[in-house]
Amino acid sequence: MTPHMLTRSLDRGATIFLLVVAAIGVLIPLSNLLLPAGSFLQVPTYLVALWGKYVCYAILALAIDLIWGYCGILSLGHGAFFALGGYAMGMYLMRQIGTRGVYGNPILPDFMVFLNYSKLPWYWYGFDMFWFAALMVLVVPGLLAFCFGWLAFRSRVTGVYLSIITQAMTYALLLAFFRNDFGFGGNNGLTDFKDILGFNVQAEGTRAALFALSCLALIVGFLICRAIVSSKLGKVLIAVRDAESRTRFLGYRVESYKLFVFTVSACMAGVAGALYVPQVGIINPSEFAPGNSIEAVIWVAVGGRGTLVGAALGAVVVNYAKTFFTSGMLAPYWLFMLGALFILVTLLLPKGIVGTFNAWWDQSKEKRAAASASAAAEDGVTQPKMAE
């Protein structure tokens, strides 16, 4: 991915989006750390963590839009990749607790001591090193997506059938992680984190740094997605989305293209989950719930499928609305409101917020161009050139 490819893939809207994200990633941490508490412009620490969670959701929405908006793969199980990345980071954070746990065991996490584990399970080895955990954040979701996609796409499972089996996959993982004997904390999950890279996860500086890192990850993820969809590969993906059988007839190995983009999307979701966990402070099997994956698809639909910017915007808007409405009298009705929002967007704004705006803007430009051409033609008729 060369700099020329990145520059060529950015239009005005994408450039504005990147500048806004970069500004937010710098200004919010600086406001939190440098301005005095209680100041009008000072961003409280709890809001830094909250907006950091929104940014992680935006990365997840980008990952879904990459496969759904540009390749036509509707995954209702991307929450599984998000959760696996979160568990990989949570395992590292648990290994950093050491003797500061309730039972003071330098090797075993508290829940393992409570369940009378005699030694650390083999799949926990290496997670005391950050580089290994960071590698697993990419490898575990990516490997699962590769194996799942290879079986599904090779069997030519498409449409609603693919959506159903992705949902079945995340539900199976939900049941597996709920079991205490699997060594992942059972239904309580992993929590009570202390340090990350030697820094206190509760400290204001650490939270500000995690927020800035989340914004950087969103920028990098967006650039990767733009580079993919703006290249020749992206044109093939769109062809697969619009006419898969014709694309296969032309000689393209459709399964390979779908497998590649599905794996890249899963790795992005894993990164989002890894950044999410230290900012929220817990990871448990509820993150595998199929409802979470469906809700993430709604974010993309609300923001605008196939726009990337709209997917990120939809994630922030819907989750901000969720935070606002679930803190008052309307809390019991949030799911009904979310369903109503999805129905209204589908009926009234089928292209989503950004997609509808882009369509309106293009029509407006065409009308202005037509009006300018008409005016120029009239001027040419009313004011003929003088004979030389």
Side-chain angles (χ1 to χ4, degrees), residues 1-30 51 54-72 211-239 241-242 261 264-265 268 271-272 296 299-320 345 348-376:
M1 188 163 52
T2 63
H4 174 68
M5 183 184 298
L6 291 177
T7 304
R8 186 180 58 185
S9 67
L10 298 179
D11 54 17
R12 179 181 298 178
T15 303
I16 293 174
F17 172 78
L18 292 176
L19 291 176
V20 169
V21 174
I24 291 174
V26 172
L27 294 178
I28 288 183
L30 291 179
W51 282 92
Y54 293 165
V55 174
C56 294
Y57 287 153
I59 300 173
L60 175 60
L62 275 181
I64 295 175
D65 193 27
L66 178 63
I67 59 171
W68 184 35
Y70 292 93
C71 195
F211 176 83
L213 187 60
S214 299
C215 290
L216 178 61
L218 177 59
I219 291 173
V220 172
F222 183 85
L223 289 174
I224 291 173
C225 292
R226 286 289 301 187
I228 290 175
V229 302
S230 301
S231 64
K232 294 180 180 179
L233 169 62
K235 291 180 172 59
V236 176
L237 294 178
I238 294 174
R241 179 196 66 187
D242 296 338
V261 74
V264 170
S265 176
M268 287 181 57
V271 171
W299 306 340
V300 178
V302 170
R305 172 190 172 193
T307 61
L308 295 181
V309 174
L313 179 63
V316 174
V317 169
V318 174
N319 281 283
Y320 177 79
V345 168
L348 303 179
L349 299 174
K351 296 181 180 179
I353 297 173
V354 173
T356 302
F357 175 80
N358 288 340
W360 171 81
W361 183 256
D362 291 340
Q363 291 178 358
S364 178
K365 287 198 300 184
E366 290 177 359
K367 289 180 179 179
R368 290 197 298 267
S372 299
S374 176

Quick one: does S230's side chain get under 4.5 Å of K235's, heavy atoms only? no
Solution key, residues 17-27 side-chain donor-acceptor pairs under 3.5 Å, sequence neighbours excluded:
none

Between S231 and I228 the two heavy atoms that sit nearest each other are OG-O, 2.7 Å
Between G310 and V354, what is the shortest heavy-atom contact and its length? CA-CG2, 3.4 Å
Throw together a table of side-chain donor-acceptor distances under 3.5 angstrom for residues 56-70, partners on residues two or more places apart or in other chains.
unit_1: D65; atom_1: OD1; unit_2: G306; atom_2: N; d: 2.7
unit_1: D65; atom_1: OD2; unit_2: T307; atom_2: N; d: 3.3
unit_1: D65; atom_1: OD2; unit_2: L308; atom_2: N; d: 2.8
unit_1: Y70; atom_1: OH; unit_2: G306; atom_2: O; d: 2.8

Looking at V271 and A217, what are the two nearest heavy atoms and their distance? CG1-CB, 4.5 Å
Suppose we screen for ring-ring contact (aromatic ring centres under 6.0 Å, His included). Which residues come up paired with W51, at least two apart in sequence or across chains? Y54
Heavy-atom side-chain proximity of T15 to R12 below 4.5 angstrom: no
To the closest 0.5 Å, what do you measure between SG (C215) and CD1 (I219)? 7.0 Å
Which residues satisfy the side-chain contact (heavy atoms from CB on, under 4.5 Å) test with V302, sequence neighbours excluded? I298, V318, L341, V345, I353
Can you name the nearest heavy-atom pair linking G72 to R305, along with the distance? CA-NH2, 4.0 Å
